[in-house]
Amino acid sequence: DAGVIQSPRHEVTEMGQEVTLRCKPISGHNSLFWYRQTMMRGLELLIYFNNNVPIDDSGMPEDRFSAKMPNASFSTLKIQPSEPRDSAVYFCASSLFGSDTEAFFGQGTRLTVV
Amino acid sequence: QQQVKQSPQSLIVQKGGIPIINCAYENTAFDYFPWYQQFPGKGPALLIAIRPDVSEKKEGRFTISFNKSAKQFSLHIMDSQPGDSATYFCAAYTGTASKLTFGTGTRLQVTL
């Protein structure tokens, strides 16, 4: 298995533009997490899904952020409109729901909003 | 609200030293406590984990000590090496909700 795959690896966009980050979880995993990592705030859980259903989106900073998981093998995190303070590394992770197994992380997407 | 508090923020030790990273939590619903290691440009990767019914777990040079009554746990790295230089995150997992909450991270540097 190739692990959790995120795209793009790097994204530079202008303030006000829409940004879409993509994630393909590990096949068979039924929990998916989106995290944001910054120097100031560390790793923050934005939202997570179990069996494609959003369970907790309390970490989503504001309405400009939205996430979808249309099927078990794909998820998106969208920011519209983007702002410079959204600049961060965004990680997607997947795991088996209900087990104590590890969450496997993707390589992350480094987003820079100028 | 930060549910998992981690300290120190950064740590420098000499090769062969024993860095210790501490974490504390409040939520008694947490039932699994993993530690993650992150190298620059990579995502976090599981290093070692412990359940609250165990007071210590050792894997190679890495040891977790767990104090359930104090709601604290710590990571010890024996005979640390320059290759251990990374950022370490403690985390707490709620099995019923399948939710992983991270500490703020400790940047470890092991010098020669």
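These figures come from a predicted structure and were not determined experimentally. Chain A is the first sequence line, chain B the second, and so forth, proteins listed ahead of strands; every chain is numbered from 1.
The number of heavy-atom neighbours closer than 6.0 Å to NZ of A:K68, taken from other residues, nucleotides and ligands shown, is 12 or below.
There is no contact between A:R110 and chain B, counting heavy-atom distances below 4.5 Å.
A continuous path of ILVMFWY side-chain contacts below 4.5 Å connects A:Y90 to A:M60, so both sit in one hydrophobic cluster. In this structure, B:I20 is not a member of the same hydrophobic cluster as B:F66, with clusters built from ILVMFWY side-chain heavy atoms closer than 4.5 Å.
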Could you pull out all donor-acceptor pairs under 3.5 Å where a side-chain atom in residues 37-47 of chain A meets a protein atom, sequence neighbours excluded?
residue, atom, partner, partner atom, Å
A:Q37, OE1, B:Q38, NE2, 3.1
A:Q37, NE2, B:Q38, OE1, 2.9
A:T38, OG1, A:R41, N, 3.0
A:R41, NE, A:E44, OE1, 3.4
A:R41, NE, A:E44, OE2, 2.7
A:R41, NH2, A:E44, OE2, 3.1
A:E44, OE1, A:R36, NE, 3.3
A:E44, OE1, A:R36, NH2, 3.4

B:Y93 and A:F33: CA distance, side-chain angles, deciding distance, ring pair (Phe, Tyr, Trp, His ring centres under 6.0 Å) verdict: CA-CA 13 Å; B:Y93 179 82; A:F33 308 82; 7.9 Å; no
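Contact check for B:P44 versus A:Y35: no side-chain heavy atoms found under the 4.5 Å cut-off.
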